[in-house]
Each structure stands twice: as C-alpha cells, then as structure tokens.
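Structure, as structure tokens:
For this chain, numbers begin at 1 and follow the sequence in order.
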Amino acid sequence: MWLDERLLGLFRRNFQSTLTYWSVFFSFGLCIAFLGPTVLDLRCQTHSSLQDITWVFFAQQFCLLVGSTLGGLFKRTVKQSLFLLFLSSLTISVVFVIIPFCGHVGVLAMVMAIAGLAMGCIDTISNMQLVKIYQQDAAIFLQVLHFFVGFGALLSPLIADPFLSETNCIQSNATQNRSHNLEHIRNSLVPHHPGNVSHYVLPLQGTSVTQVSYAFWIMAAINLPVPIAVFYLLYKEGMVPGCSIHSGGLLSADELAMETHNGNDSQKIEAHEEQGHVVSVLCCQSKKIWNAPYTFFAIHTCAAITLFMADGIVGGYSGFVYSYAVEQPLNLAHKTAGYLPSLFWAFITLGRLISIPVSYKMAPRSMLFINLIGVTTTFLFLLLSQNSTTGIFVGTALLGLWLSSVFPSMLAYTEDMLNYKGCATTVLVTGAGMGEMVLQILVGSVMQTQGSYSFLVCGICFSSLAFTFYAVLLLADNLHNKKSDDSSCKPPELDGEASSYQR
C-alpha cells in the first residue's frame with residue numbers, strides 16, 4: 001500500500017470533511033470553464049457585441065481575485081469557513097439558474113461578479129482548511145483537491161456542447177449570410193479568456209433563439225449536492241444554530257496535534273494552538289508582523305511571483321493557443337485548432353491525477369523543480385517545432401502535464417517552510433489569481449502588436465521567470481532554516497518550532 005497506516009488513519013478521521021472540501025472545488029471547476037464555449041449564445045441572449053461581453057469575463061476574474069483575498073478573513077474557525085463554503089457553493093448553483101434570465105450584458109456581468117466572489121472564497125478556504133488538517137502531510141490531499149477542479153473544468157464544456165447553437169442564434173435579415181461564421185467565433189473564444197476578438201460581426205437586433213439555458217440548469221442540478229454536503233457537515237458537527245448534535249468527526253486541536261506530531265505533551269499542544277491563532281491574526285492585522293525576519297517576506301514574495309507566472313501561463317496558453325494555431329506558420333483548420341484547449345485541460349486533469357501517488361513519494365520542492373524545468377523545456381520544444389502540427393499537439397499535452405501540480409506543490413512547500421503559521425495560502429491564491437488575469441491581457445496585447453510568433457516567446461519568458469524566482473525561493477528557504485537554527489527564540493508572530501519537513 002502506497003499510503004502508510006498513520007496517514008490512512010488521519011484520512012479516515014477526517015474523511016467527511018476532506019471529501020466535502022474536494023467536492024466544493026468541483027464547483028469551482030464547473031464555474032470557471034463554462035464561459036468560453038457558451039459565450040456566443042450568451043451574446044445572443046444579451047444582444048451584446050463581443051467587446052461588451054468581455055466585461056463579463058473581466059468581472060468574474062477580478063471578483064475571483066477579490067474573493068480569494070476576502071476568504072482569508074474567514075479562516076479563524078472551522079465554523080466560519082464551512083458557513084462561507086456553504087454560501088459560496090449554493091451561490092454557484094443559484095448563478096447557473098439565473099444566467100438564462102440575464103437579458104442585458106450588465107446584469108450578466110453582475111451575476112458573474114457574484115460567482116467570482118464565491119469562487120475566490122472557495123479557492124482560499126478549501127486550500128487553507130486542508131493544510132490546517134494535514135499540515136506536513138497536506139501535499140497529497142492538495143493534489144486530489146486540484147484534480148477535482150480540473151475534472152469540473154472538463155465537465156462543464158461537455159455539458160454545454162449539445163445545447164450550443166449551430167446557426168446564428170439571433171434571427172435577422174443577415175442571419176443566412178453570417179451563420180457560417182459562428183463556428184469560427186465560438187472556437188476563438190476558448191475557456192478563461194475572451195481576448196481573441198474576431199473580426200466577424202453578429203447582428204444585435206432580432207429574436208434570440210438559443211437552448212443553452214438547459215445546459216446551465218443541468219450544471220445547477222449537478223452542483224446542488226455540494227452545498228447540501230457542506231450543510232450536512234455543519235449539521236453533523238453541531239454548528240447549525242439550534243442543533244446540539246456533535247459526532248466528533250473533525251479532529252480537535254489536541255487530537256490533530258497528537259496525530260501529526262506523535263509525542264507532544266498537552267501543554268505544548270495548547271501553546272501550539274494559541275500561537276497558531278495569534279499568527280493568523282498577526283498575518284494581516286498586526287504591526288508586529290514587521291518584526292519577522294526578512295526571509296519570512298522573501299518566501300511569501302518569491303512563492304507568489306512564481307505562481308503569478310505559472311498560473312498566468314495556464315490562463316494565457318488556454319486562452320490563445322487557438323489563435324496561435326490558426327495563424328502562420330501552422331494555419332490549422334478552425335475545428336482542428338479548437339481541440340487544443342480541450343487537450344490542454346484534459347492533460348492538466350490527468351497530471352493532477354498522476355500527482356496524487358507521486359506526491360506521497362516525492363517532496364513538493366522536487367516536484368516543483370521538475371515541473372518548472374519541464375514547462376520551460378516544453379516551450380523550447382514548441383518553438384523549435386513551430387511548423388509541425390504534431391508538435392503543437394504533443395507540446396500542448398506536455399505543458400498541461402507539467403503545469404498540473406505546480407500550485408498544490410507550491411502551497412504545500414511554502415506552508416511547510418513557514419511551519420503552517422504564515423499567510424501563505426491567502427498570498428499564493430491571490431498571486432495566482434492576479435497572474436491569470438494580468439498575463440492573459442499582456443499576452444493578448446503582445447500578440448496583437450507583434451504577431452502570433454510572440455505567443456511562444458512570451459511563454460518562454462514567463463516560464464524562465466517562474467524558474468528564476470523558484471531558485472530564489474530555495475535560497476530563501478535555506479536562509480530561513482539557518483536563521484531558525486541559529487536563534488534561540490523566534491519573533492512572536494512565528495511558531496516557536498522550526499520547519500520540520502523531511503527533505
């Protein structure tokens with residue numbers, strides 16, 4: 001068995017809560033990938049231009065970033081976290097129900113902004129709670145968590161596909177003349193980014209005829225068991241007002257400390273719990289945080305910038321690989337190029353599945369080193385084989401594999417360096433969200449001004465910067481460990497014990 005008895009025992013004790021956090025991330029995946037394939041039908045529904053509909057994408061991504069930051073404010077207790085997860089997952093189902101009734105692009109943007117806030121809260125809290133439960137053993141469970149978001153991101157376009165319009169979904173005098181352009185427009189708007197603005201124009205006047213509303217309602221029904229599962233966990237733990245039932249399914253602080261740090265005495269456990277709570281507050285609110293060593297800030301900064309680049313690559317590549325493939329030098333057919341984003345996300349999901357057993361045997365820092373080297377090497381391969389159709393498909397698959405486990409591995413590694421008492425989860429989620437939003441815009445602007453060739457050049461630059469900052473992070477880790485070993489006591493905002501991950 002590739003899991004030892006201690007880890008299996010810990011998982012059994014937290015089975016329901018762990019499964020609940022995983023399922024909530026499935027909701028995140030459902031909501032993050034449906035806009036791309038349905039955007040043309042949403043244009044018809046709202047009678048909006050392509051430029052207008054881009055505000056819907058921006059509203060979701062910006063509020064996802066805001067929600068990621070706000071989610072960090074609700075991390076002090078399990079009760080606060082679960083209540084927010086319940087509201088967030090329920091909000092996603094409600095959003096799916098409401099979307100078909102949004103007849104104006106402004107209303108749709110507001111609805112997607114609310115969905116973005118819910119997604120951001122889910123992103124931060126789910127990662128944070130798994131780290132709190134499993135601490136130095138969190139890597140494998142974080143890999144599973146991010147597999148679920150990939151699975152959801154794959155499922156939502158598949159649900160939507162049978163209901164997408166095959167002809168112009170706004171009936172007007174120009175319908176027959178422009179209907180043949182619809183497939184090109186849809187393929188150019190791949191998941192995560194609307195920046196591939198087609199020069200084809202659809203009529204904005206006329207009767208909207210689209211069946212995509214059924215896809216949204218199906219996704220709402222599929223997602224509904226998630227908030228129910230979160231509410232049941234709240235009920236089972238006696239956290240619902242007026243309910244006194246408590247089954248003890250979640251580990252108490254003492255039990256968790258004894259399970260993960262076998263041999264600590266009860267006084268040390270209480271001190272550990274109190275210190276951890278103080279650090280959570282100090283992280284974002286106290287002036288005493290400035291007394292922390294410079295390595296504390298260096299670790300947060302380098303890790304966040306690395307994920308800024310890595311997640312930016314994910315968003316930029318999925319958003320513009322189609323536009324790159326249909327231009328010189330590849331000149332792929334639109335339908336063939338449309339498979340590339342799906343292939344990319346499929347191999348991200350596969351990579352996250354493979355990373356589950358691998359993360360048990362390999363330290364997160366080693367996985368990160370291999371992944372970031374693989375990303376840079378793959379971009380070099382794509383650049384050298386830029387005239388090859390086979391090369392673009394092979395490179396896209398490899399890139400998805402290498403990028404798949406970067407975020408969960410970085411989160412596990414950074415939290416370990418800080419002994420699970422820093423601000424890492426909130427900082428990393430925020431950094432990753434900013435990268436996905438900012439680098440998409442940057443890649444689109446560069447491609448528009450410099451041509452499609454710059455797409456791969458941007459990838460090489462971003463991946464090289466990611467590896468460079470990761471190298472600096474390794475140096476900061478060594479300095480942080482030395483500073484911890486040489487000091488008899490640490491600043492009050494950090495835990496008294498040095499990081500103990502076995503590398």
Side-chain angles (χ1 to χ4, degrees), residues 2-3 7 18 21-22 25-26 28-29 32-33 123-124 126-128 130-131 134-154 192 302-318 343-379 395-417 424-425 428-429 431-433 435-436 459 462-463 466-467 469-471 473-474 477 501 503:
W2 53 274
L3 283 178
L7 198 57
T18 302
Y21 294 132
W22 288 346
F25 236 54
F26 171 78
F28 182 93
I32 204 170
D123 197 5
T124 297
S126 297
N127 282 289
M128 191 176 296
L130 282 182
V131 168
Y134 294 103
Q135 297 198 10
Q136 74 267 24
D137 299 309
I140 185 173
F141 300 98
L142 290 173
Q143 298 289 353
V144 180
L145 181 73
H146 287 266
F147 164 77
F148 272 88
V149 70
F151 178 64
L154 273 179
H192 282 285
C302 293
I305 295 177
T306 302
L307 285 186
F308 179 93
M309 297 296 171
D311 266 44
I313 291 173
V314 173
Y317 194 87
S318 65
L343 179 69
F344 181 66
W345 280 104
F347 272 83
I348 284 182
T349 306
L350 177 62
R352 287 170 177 170
L353 183 63
I354 295 173
S355 298
I356 295 171
V358 172
S359 63
Y360 180 70
K361 297 294 185 180
M362 185 179 295
R365 63 184 295 173
S366 300
M367 293 183 66
L368 281 167
F369 181 85
I370 295 172
N371 287 338
L372 295 175
I373 287 291
V375 171
T376 304
T377 303
T378 301
F379 272 117
T396 297
L398 289 174
L399 194 61
L401 281 176
W402 296 129
L403 288 167
S404 60
S405 60
V406 170
F407 185 93
S409 298
M410 179 62 81
L411 180 58
Y413 178 42
T414 308
E415 286 283 12
D416 172 69
M417 283 188 283
T425 301
L428 295 191
V429 170
E436 188 168 347
F462 297 152
S463 59
F467 184 79
F469 277 98
Y470 177 66
L473 178 64
L474 294 178
D477 181 22
Y501 189 87
R503 296 179 175 86

(request) Just jot down the side-chain contact (heavy atoms from CB on, under 4.5 Å) partners of F467, sequence neighbours excluded, or say none. (result) F369, L372, I373

(request) Could you pull out all residues at least two apart from A397 that satisfy side-chain contact (heavy atoms from CB on, under 4.5 Å)? (result) L343, F347

What are the two closest heavy atoms between [X] and [Y], and how far apart are they?
X	Y	answer
G315	E436	CA-CG, 4.1 Å
S463	V375	CB-CG1, 3.6 Å
M362	I370	SD-CD1, 3.9 Å
A310	L403	O-CD2, 4.0 Å

(request) For F469, check ring-ring contact (aromatic ring centres under 6.0 Å, His included) against everything at least two apart and list the hits. (result) none

State, with a plain yes or no, whether a side-chain heavy atom of [X] is found less than 4.5 Å away from one of [Y].
X	Y	result
M367	S355	yes
F407	V314	no
Y134	T18	yes
R365	L473	no
T396	W345	no
Y317	F379	yes

(request) Could you pull out all residues at least two apart from S404 that satisfy side chain to side chain donor-acceptor pair (under 3.5 Å)? (result) none

(request) Under the side chain to side chain donor-acceptor pair (under 3.5 Å) rule, collect the residues that match up with T349, sequence neighbours excluded. (result) none

Between [atom1] of [X] and [atom2] of [Y], what distance do you get to the nearest 0.5 Å?
X	Y	atom1	atom2	result
I348	L401	CD1	CG	9.0 Å
I32	F25	CD1	CZ	9.0 Å
I313	L399	CD1	CG	7.0 Å
Y470	L368	OH	CG	4.5 Å
I356	S405	CD1	OG	11.0 Å
S366	N371	OG	CG	10.5 Å

(request) Please lay out, stage by stage, how M128 and V131 fare under the test side chain to side chain contact (heavy atoms under 4.5 Å, CB included). (result) CA-CA 5 Å; M128 191 176 296; V131 168; 5.8 Å; no

Enumerate donor-acceptor pairs with a distance under 3.5 Å from any side-chain N or O in residues 140-153 to protein atoms, sequence neighbours excluded.
{"unit_1": "Q143", "atom_1": "NE2", "unit_2": "S409", "atom_2": "OG", "d": "3.0"}
{"unit_1": "H146", "atom_1": "NE2", "unit_2": "N127", "atom_2": "OD1", "d": "3.0"}

(message) If you apply the rule side chain to side chain contact (heavy atoms under 4.5 Å, CB included), what do you find for W402 with T377, and how did you get there?
(response) CA-CA 10 Å; W402 296 129; T377 303; over 6 Å; no

